[in-house]
Amino acid sequence: IRKSGGNARSRLKWERTAMIYLPRFRAWDIKNKKMGEPDIIINNGRIDEIKIWGDETVPDEETDWRETSDFSLMMSSNVLDVKKKEIYDLDILKSTASEFPEDHKYWIVTHEDGGFNVRYYFLPKDKRKRSIAENELLCKDNVDWYKFEIVGNVYQNPELLSSDLK
């Protein structure tokens, strides 16, 4: 979208504010336990059917469309980790800001109320003590501060879900 007239500076400002963010998704196929890039059919503003494009297979045009309940969709946060990989909902991040590996924490990315957060939970071994929860906004500044690196996601790497994350 471009506004006609005006000087170059005002045109550039208009173009930046008029850009539309189209969300990107990835999908976890619950039945086949595969991650892939989804094709989505939308009817009346609602997702009707999904198929995914995996690494090794290309879906058949007619037969691979399935109900949405067979999939879990994860939206891109449009934020990159320290290694320039795109961060999605339900990714597991490791904060590597400390030089001591024992201080590295694992965080889960969540998409709530139109925004992305990262959450860290510490559950003490003594259940009578109170658990500590941290919740931070997922943004470039926090990625730089905590040195967030993607180490997996909740579907493909459940072993990373230690008692610290549950």
Side-chain angles (χ1 to χ4, degrees), residues 16-17 19-42 46-59 64-125 129-166:
R16 283 189 189 150
T17 58
M19 290 187 350
I20 297 172
Y21 170 67
L22 296 175
R24 288 181 302 280
F25 292 91
R26 68 179 181 199
W28 174 249
D29 183 334
I30 296 167
K31 289 184 178 180
N32 296 316
K33 308 272 188 242
K34 291 190 315 183
M35 189 72 72
E37 185 178 328
D39 273 346
I40 300 170
I41 293 178
I42 298 176
R46 297 184 63 159
I47 297 175
D48 193 29
E49 292 181 328
I50 299 173
K51 67 178 173 180
I52 64 169
W53 299 82
D55 293 334
E56 65 280 341
T57 60
V58 175
D64 285 345
W65 289 101
R66 300 206 319 262
E67 295 295 317
T68 58
S69 60
D70 294 344
F71 296 94
S72 175
L73 284 178
M74 291 155 278
M75 190 164 97
S76 167
S77 66
N78 207 28
V79 176
L80 303 177
D81 75 350
V82 293
K83 293 189 174 181
K84 307 299 182 213
K85 286 179 61 181
E86 191 169 19
I87 300 173
Y88 283 83
D89 184 25
L90 300 178
D91 274 346
I92 300 172
L93 308 177
K94 182 163 77 169
S95 61
T96 58
S98 173
E99 61 186 62
F100 303 107
E102 62 271 10
D103 292 337
H104 295 177
K105 295 180 185 178
Y106 291 93
W107 302 68
I108 296 177
V109 177
T110 60
H111 182 252
E112 300 168 344
D113 301 324
F116 286 89
N117 295 310
V118 286
R119 290 195 172 160
Y120 166 77
Y121 296 97
F122 171 71
L123 299 176
K125 291 180 182 167
K129 294 184 179 178
R130 193 166 166 227
S131 65
I132 301 167
E134 292 182 46
N135 191 30
E136 296 283 347
L137 180 67
L138 179 62
C139 62
K140 183 180 179 336
D141 288 343
N142 280 339
V143 167
D144 294 341
W145 177 262
Y146 289 99
K147 304 272 189 262
F148 283 136
E149 177 184 340
I150 300 170
V151 292
N153 63 66
V154 298
Y155 295 111
Q156 293 175 302
N157 308 97
E159 70 279 2
L160 295 175
L161 297 175
S162 67
S163 63
D164 288 348
L165 290 173
K166 291 180 183 174

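Using a 4.5 Å cut-off on side-chain heavy atoms (C-beta onward), Asn157 and Glu159 make contact. Trp28 is listed as a side-chain neighbour of Lys33, based on a closest heavy-atom distance under 4.5 Å. Pro38 is not listed as a side-chain neighbour of Phe71, based on a closest heavy-atom distance of 4.5 Å or more. When side chains are defined from C-beta on, Lys105 does not count as touching Tyr146, because their heavy atoms never get closer than 4.5 Å. At a threshold of 4.5 Å between non-hydrogen side-chain atoms, the residues Asp89 and Asn153 do not count as touching. Between Ile87 and Leu80, the closest side-chain pair of non-hydrogen atoms is not below 4.5 Å. Here the side chains of Asp91 and Arg26 are in contact, with some heavy-atom distance below 4.5 Å. Looking at heavy atoms from C-beta onward, Val109 lies out of side-chain contact with Tyr88 at the 4.5 angstrom threshold.
When atom types are taken as modelled, the side chain of Asp81 and the backbone of Ile150 share a donor-acceptor pair closer than 3.5 angstrom. No donor-acceptor distance shorter than 3.5 angstrom exists from the side chain of Ser76 to the backbone of Arg24, with no hydrogens or angles considered. Under a 3.5 Å cut-off, the side chain of Ser95 and the backbone N or O of Ala97 do not form any donor-acceptor pair.
Across every non-hydrogen atom of Ala27 and Leu73, the tightest pair is CB-CD2, 3.8 Å. Taking each heavy atom of Asp70 and Lys31 in turn, the nearest pair found is OD1-CE, 3.3 Å. Considering every non-hydrogen atom in both Leu160 and Ile92, the closest pair reads CB-CD1, 3.9 Å. Contact detail for Tyr155 and Pro158: the closest heavy-atom pair is O-CD, 3.6 Å.
We find that Glu112 and Arg119 are joined by a salt bridge, their nearest charged nitrogen and carboxylate oxygen being less than 4.0 Å apart.
Note that CZ of Phe25 is 9.0 Å distant from CD1 of Ile50, once rounded to the nearest 0.5 Å. Between Phe116 atom CZ and Asn142 atom CG the span is 14.5 Å, to the nearest 0.5 Å. Rounded to the nearest 0.5 Å, atoms SG (Cys139) and CG (Asn78) are 13.0 Å apart.
In this structure, a donor-acceptor pair under 3.5 Å is absent between the side chains of Thr96 and Glu149.
Partner Phe148 forms a ring pair (Phe, Tyr, Trp, His ring centres under 6.0 Å) with one of Tyr106, Tyr120, Trp107 and no other, that one being Trp107.
Environment of CD in Glu99: sparse, with no more than 12 heavy atoms of neighbouring residues, nucleotides or ligands closer than 6.0 Å.
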